[in-house]
Protein chains: 2
Amino acid sequence: MGLTKTDLFTENQNEIAILAKAIAHPARVAIIEYLLKVNACICNDIVNELPLAQPTISQHLKELKNAGIIKGNIEGNAICYCINEQVFGKIQVLFGHILPIQNKCC
Amino acid sequence: MGLTKTDLFTENQNEIAILAKAIAHPARVAIIEYLLKVNACICNDIVNELPLAQPTISQHLKELKNAGIIKGNIEGNAICYCINEQVFGKIQVLFGHILPIQNKCC
DNA sequence: AATCTATATCGTAATATTGCAATATAAAAA
DNA sequence: TTTTTATATTGCAATATTACGATATAGATT
């Protein structure tokens, strides 16, 4: 198989999983961190910043964009990427709301 | 290839990616939510709760345990699982600290 | 127009993940 | 001790991910 049975779970569970999956690669974590550091957006700079080939970066950017974590604005012949604040805030809510108050293990 | 180039990234970036990967499946999100709901720990209950076969659940539990998100205590012939508060708190810190204050896209 | 720069897409090889039936293990109950 | 209950492991098929060279696309520069 190898196919996640998405339909067996709630929309919320799938949403959390999709966002987590987008973050589940060190290169994508590095891209997010870089975009947050430089605040304003760059793109070829990411290729120069990370030790991966251009098509690989492009692929990771696409996944982050699909998950809604980043946005890309066309600017001449370049594309300017930046964090999508809304979705980024959502991540923090989703990952923050499941905090256990008390947890007594047996 | 298909092999993540872990050595090219920082320990922190890899740590975030590993934790995110553990959460990056709706079944594992469901397991975490269930464990938080019942607070005390169960195991065969998870198999009855989720619409997946027992070996599949066992595999997901193993991944959550490897990431340190849950703990398992042997209790007779059963194994009692529960959330690992420490690691769970860490997730919130890691996913919370990267909050952008301002984000002006170009 | 020819070239350069920036980015995306295609194709493909290597590897990882998902899911489960079958089976193993081990403690509890009969 | 046989059986039941609870969980893990193995093996395998289907699919997904990762990485990148080659190539395509498209605006900018010359």
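In what follows, every chain begins at residue 1, and chains take the letters A, B, ... in the order their sequences are listed. Side chains are part of it too, since the values below use all heavy atoms of this structure and drop only hydrogens, waters and symmetry mates. Since this is a predicted model, take the numbers as computed values, not measurements.
- Contact of the B/N66 side chain with the B/I18 side chain is not registered, since no non-hydrogen atoms from C-beta on lie closer than 4.5 Å.
- Out of D/dA8, D/dT7, C/dT15, the shortest distance to the side chain of B/N44 is found at D/dT7.
- A sub-4.0 Å separation between OP1 or OP2 of D/dT9 and a side-chain N or O of B/K62 is present.
- Counting to the nearest Å, the P atom of D/dT18 and the CD1 atom of A/I31 are 11 Å from each other.
- A/I57 comes within contact range of no nucleotide atom at all, as no heavy-atom separation falls under 4.0 Å.
- The 5' end of DNA chain C is approached more closely, in terms of each residue's nearest nucleotide, by A/I79 than by the other of A/I79 and A/T4.
- Between A/K21 and A/L52, the residue anchored closer to the 5' end of DNA chain D is A/K21, taking for each the nucleotide with the nearest heavy atom.
- Across the interface with DNA chain D, nearest-nucleotide mapping of A/R28 and A/G76 shows A/R28 to be the residue nearer the 5′ end.
- Taking atom CG of residue A/N48 and atom P of nucleotide C/dA6, one finds them 8 Å apart after rounding to whole Å.
- Of the listed residues (B/I69, B/N84, B/V87), just one forms a side chain to side chain contact (heavy atoms under 4.5 Å, CB included) with B/L64, and that residue is B/I69.
- Base engagement by A/T56 is indicated by at least one non-hydrogen atom pair under 4.0 Å involving a base atom.
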Practice item. For the pair A/L50 and A/Y34, evaluate side-chain contact (heavy atoms from CB on, under 4.5 Å) and give the outcome as yes or no after the intermediate values. Key: CA-CA 10 Å; A/L50 299 194; A/Y34 184 71; 5.9 Å; no
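- Residues B/L35 and B/I46 have side chains in contact (heavy-atom distance under 4.5 Å, counting atoms from C-beta outward).
- Among D/dA8, D/dA19, D/dT18, the nucleotide with an atom closest to any side-chain atom of B/K65 is D/dA8.
- Distance B/D7 CG to D/dT18 C1': 14 Å, rounded to the nearest Å.
- Contacts of A/I74 with the nucleic acid, taken as non-hydrogen atoms under 4.0 Å apart, are absent.
- What separates CD of B/E75 from C1' of C/dA28 is a distance of 13 Å, to the nearest Å.
- Each of A/P55 and A/A78 was matched to the nucleotide of DNA chain C holding its nearest heavy atom; the match closer to the 5' end belongs to A/A78.
- Taking the six-membered ring where tryptophan is involved, the planes of A/F9 and B/H25 are perpendicular, since the angle between them exceeds 60° and thus also 30°.
- Here the C1' atom of nucleotide C/dT9 and the NE2 atom of A/H60 are 16 Å apart, to the nearest Å.
- Here B/Q54 lies in heavy-atom contact (under 4.0 Å) with a base.
- As rounded to whole Å, 13 Å separates atom C1' of C/dA8 from atom CG of A/N66.
- Straight-line distance from the CG atom of A/N77 to the C1' atom of C/dA8: 13 Å, rounded to whole Å.
- For A/A53, the listed nucleotide lying nearest its side chain is D/dC20; candidates were C/dT7, D/dT18, D/dC20.
- Between B/Q59 atom CD and C/dT17 atom P there is a gap of 10 Å when expressed in whole angstrom units.
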